[in-house]
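Have a look at the structure below before the remarks.
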Amino acid sequence: MSNFLHLKYEKSVSVTKALTVRFLTKRFIGEYASNFESIYNKHLCLERKQLNLEIYDPCSQTQKAKFSLTSELHWADGFVIVYDISDRSSFAFAKALIYRIREPQTSHCKRAVESAMFLVGNKRDLCHMREVGWEEGQKLALDNRCQFCELSAAEQSLEVEMMFIRIIKDILINFKLKEKRRPSGSKSMAKLINNVFGKRRKSV
């Protein structure tokens, strides 16, 4: 049996598409077109489970990305939010995305379990040009219940892979939580139905 995982990948600069390619192919390509969206698929085995991973990488142009979250909030099992540690504006945009994902959801799209999320500070190899401190990223992650790391897609292939593995494991934990909650809900519904129809039988 295989699980199908949907992972939405948000970022504020086009070159961070490199993280996905690093994970899928272990290759690094520095520059990518930023005016189109991509969907990647990967089959992997993790914790003795066969998994089908779908990664949606949206258009990285800021104005378009602002409006791309509404529908994905319904189907995404996890989110990777990436900013450039040498670009403070990208950190501000990442913060806005996290707030959008974590804001209270309306009843018609409320999820049983909070989505897994990973905040990533990319371009760690450019520490000499740093504009965003490690402590700032860590605090933003802690305040919004998500994991955090800094890495370099250009130089740290293993760290990129481990980041994806960590969020996939978080998604699998969420799947288990959902499965545990379903039986209790079914029992409550069965009890409610029994009470309603049981009372009707007595009154007849």
Heavy-atom check, side chain of [X] versus side chain of [Y], under 4.5 Å:
| X | Y | result |
| --- | --- | --- |
| Ile81 | Val120 | no |
| Leu140 | Phe91 | yes |
| Lys42 | Ile55 | no |
| Phe118 | Val82 | no |
| Asn41 | Leu53 | no |
| Ile171 | Phe175 | yes |
| Tyr83 | Lys95 | no |

Determine all donor-acceptor pairs shorter than 3.5 Å in which one atom belongs to a side chain in residues 156-164; sequence neighbours excluded.
residue, atom, partner, partner atom, Å
Gln156, OE1, Ser152, N, 2.8
Glu161, OE1, Lys26, NZ, 3.1

Which residues satisfy the salt bridge (charged side-chain N to carboxylate O under 4.0 Å, His left out) test with [X], sequence neighbours excluded?
| X | answer |
| --- | --- |
| Arg130 | Glu150 |
| Arg145 | Glu114 |
| Glu136 | Arg88 |

Kindly give the heavy-atom pair with the smallest separation between [X] and [Y], and that separation in Å.
| X | Y | answer |
| --- | --- | --- |
| Ile167 | Phe79 | CD1-O, 3.2 Å |
| Leu119 | Ala94 | CD1-CB, 4.4 Å |
| Asp87 | Ser89 | OD1-OG, 2.6 Å |
| Ser115 | Asn174 | C-ND2, 4.1 Å |

Can you tell me how far the [atom1] atom of [X] sits from the [atom2] atom of [Y], to the nearest 0.5 Å?
| X | Y | atom1 | atom2 | result |
| --- | --- | --- | --- | --- |
| Ile85 | Arg124 | CD1 | CZ | 8.0 Å |
| Leu51 | Leu44 | CG | CG | 5.0 Å |
| Glu103 | Asn144 | CD | CG | 11.5 Å |

Sequence neighbours left out, what passes side chain to side chain donor-acceptor pair (under 3.5 Å) with Asp170? Give chain and number order.
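With neighbours one apart ignored, the set is Gln147.
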Listed by chain and number, what are the side-chain contact (heavy atoms from CB on, under 4.5 Å) partners of [X], not counting sequence neighbours?
| X | result |
| --- | --- |
| Met129 | Ser86, Leu126 |
| Glu47 | Lys169, Leu172 |
| Lys139 | Asp143 |

Show me the pairs that pass ring pair (Phe, Tyr, Trp, His ring centres under 6.0 Å) and involve residues 129-150, at least two apart or across chains.
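Checked against ring pair (Phe, Tyr, Trp, His ring centres under 6.0 Å) - neighbours excluded - the pairs reaching residues 129-150 are Trp134-Phe148.
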Hydrophobic cluster (4.5 angstrom, side-chain heavy atoms) - remaining members for Leu142:
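Traced through the cluster, Leu142 reaches no other member.
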Could you go through the side chain to side chain contact (heavy atoms under 4.5 Å, CB included) check for His43 and Gln50 one step at a time?
CA-CA 7 Å; His43 179 80; Gln50 298 298 318; 2.8 Å; yes
